[in-house]
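In what follows, a single structure is set out as structure tokens and then discussed.
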Amino acid sequence: MTKPLSVGVAGLGTVGAGVLTLLRDNAATVAARAGRPIAVTAVSARDRTRDRGVSIAGLRWYDDAAALANDPGVDVVVETIGGTEGPAADLVRAALAAGKPVVTANKALLAIHGAELAATAEAKGVALCFEAAVAGGIPAIKAVREGLAANDLTRVMGILNGTCNYILTQMRERGIEFAQALSEAQKLGYAEADPSFDVDGIDAAHKLAILAALAFGRPVDFGAVHVEGIRSVSALDIKLAEELGYRIKLLGIARRTEAGIETRMHPCMVPVSHPIARVDGVFNAVVAEGDFVGRVVLEGRGAGAGPTASAVVADLIDIARGRTTPVWGVASSALSHAPSLPMSQRVGAYYLRLMVVDRPGVIADVTAALRDNAISLESMLQRGRAPGEAVPVVVTTHDCEEAQMRAAIARIEALEAVVEKPALIRIEAL
């Protein structure tokens, strides 16, 4: 009988327990596709007594996750602890240093330390796999890095956080504000007690940094990603966007231009006709565009025990079969060093909503600020009249630079008649 692939799993939360369950429930299928059995033989977690819904009887236990890497009976290490420092980072470094392949679901670790870890994996000649780190059960990593390897990719983008997508979907479908939608998401388990990592766009930005590195064959660079979350999106903006033929989504966009690479995570208005506009609820989507393949759209569940465990085990099957590829798609010596473009150079259209006191001359002052910054109006909408009271005024623009728009907003904010911080949402011509 072919020797089983022996796996050590560190972190027995939702994902780690899901990996154990999948490997046991689908053992025959996995063995057939891997060419040999894959079995968990050692584990590490903080609490040995906790009931995780799956038996750990008979498995070697390690209180110290890093020690798992040096177990001679472990062929591959799976890291599902999470976090950019501490036990997760120590374990992955120890496993790679020991010459053992690593499978991780840790997008934050890869976004921050991915360049270093990839260099170590390459030097040691072992695999560092992370299909589960981006978009859960969607095979986004393999699609971008391997399935589209023959293409020069020009853009990769996606809805990369199910919590934010669920909140925005509820706000649109029910007309509720952010705070209520977030509270309900927390009660349903879609959002954490401290939701900052999700709703401020950080989680999704980690994933975008990874996708950008893969798409454009360059070292991962989280620091270059412009990050905004969804706290400032209002039900009014979502309603007005619908009337204008758009939906608001938190999108991660990485685009290659002649000047360099732009990577940005922020709320976007996307045409309702685009496939990504119809991805709702907790679902994720990844869109890649290549010179020969055109547009490829992948959609599915981006989190949860089942989808994420599915991605982890897919990587284990690759390792069992001896299928390996460089971490970022090419050897480190062939990585691109194209510059990162600052957000100030983003060129596109904008949606601008102002709450202004309804009195003569206000619109003229607003349009003057836009005109003086060389911004051309595409449309203007004012709902109702309420002399002396605040009313919404919506402006959409033709393409201009982000720096121009920021300068115009600074002038508009200073107007006495403007009573709230203007709402700015970028319109993406997808």
Side-chain angles (χ1 to χ4, degrees), residues 79 84 88-89 92-93 96 102-123 126-136 138-161 201-227 251-257 259-265 284-291 293 296 298 302 311 315 318 324-343:
E79 183 272 310
T84 59
V92 173
R93 290 189 178 109
L96 294 176
V102 171
V103 176
T104 178
N106 193 337
K107 60 269 186 181
L109 180 69
L110 290 163
I112 303 299
H113 300 299
E116 167 216 332
L117 298 175
T120 303
E122 184 173 356
V126 295
L128 172 60
C129 303
F130 49 94
E131 186 63 62
V134 177
I138 303 173
I141 302 300
K142 287 183 174 64
V144 171
R145 185 178 60 193
E146 291 140 58
L148 303 178
N151 288 258
D152 283 329
L153 298 182
T154 53
R155 179 164 59 178
V156 61
M157 62 183 177
I159 294 172
L160 302 174
N161 184 274
I202 300 167
D203 170 79
H206 285 149
K207 299 169 188 175
L208 178 66
I210 293 168
L211 285 175
L214 293 169
F216 307 123
R218 68 172 195 161
V220 65
D221 186 7
F222 177 68
V225 182
H226 174 85
V227 187
L251 282 192
I253 299 171
R255 190 169 70 98
R256 184 176 61 188
T257 71
I261 307 296
E262 62 177 34
T263 48
R264 46 196 173 88
M265 173 65 57
N284 283 195
V286 174
V287 180
E289 296 174 2
D291 55 350
V293 75
V296 174
L298 303 169
D315 280 340
D318 278 348
T324 61
T325 190
V327 175
W328 304 120
V330 298
S332 58
S333 60
L335 287 171
S336 164
H337 295 284
S340 297
L341 300 181
M343 189 63 185

In Å, rounded to the nearest 0.5 Å, how long is the span from [atom1] of [X] to [atom2] of [Y]?
{"X": "K107", "Y": "L160", "atom1": "NZ", "atom2": "CG", "value": "10.5 Å"}
{"X": "L211", "Y": "I253", "atom1": "CG", "atom2": "CD1", "value": "12.5 Å"}
{"X": "R145", "Y": "T325", "atom1": "CZ", "atom2": "OG1", "value": "5.0 Å"}
{"X": "L110", "Y": "F222", "atom1": "CG", "atom2": "CZ", "value": "12.5 Å"}

Within the 4.5 Å heavy-atom criterion, are [X] and [Y] side-chain neighbours or not?
{"X": "E262", "Y": "H226", "value": "no"}
{"X": "V126", "Y": "V102", "value": "no"}
{"X": "V286", "Y": "V296", "value": "no"}
{"X": "L335", "Y": "V330", "value": "yes"}
{"X": "N284", "Y": "V134", "value": "no"}
{"X": "D221", "Y": "S340", "value": "yes"}
{"X": "L214", "Y": "I141", "value": "yes"}
{"X": "L117", "Y": "V327", "value": "no"}

Donor-acceptor under 3.5 Å ([X] side chain, [Y] main chain):
{"X": "N151", "Y": "V293", "result": "yes"}
{"X": "E131", "Y": "K142", "result": "yes"}
{"X": "D152", "Y": "D291", "result": "no"}
{"X": "N161", "Y": "A204", "result": "no"}
{"X": "R256", "Y": "L153", "result": "yes"}
{"X": "R255", "Y": "R264", "result": "no"}
{"X": "H113", "Y": "T84", "result": "yes"}

Looking only at heavy atoms, what is the nearest atom pair of [X] and [Y], with distance?
{"X": "S336", "Y": "P219", "answer": "O-CD, 3.3 Å"}
{"X": "A205", "Y": "V225", "answer": "CB-CG1, 4.0 Å"}
{"X": "H206", "Y": "A111", "answer": "CD2-CB, 3.6 Å"}
{"X": "M265", "Y": "G252", "answer": "CE-CA, 3.2 Å"}
{"X": "L128", "Y": "A118", "answer": "CD2-N, 4.2 Å"}
{"X": "V220", "Y": "I210", "answer": "CG2-N, 4.2 Å"}

As a quick check of understanding, evaluate side chain to side chain contact (heavy atoms under 4.5 Å, CB included) for E116 and R93, giving each step before the final call. CA-CA 9 Å; E116 167 216 332; R93 290 189 178 109; 2.7 Å; yes
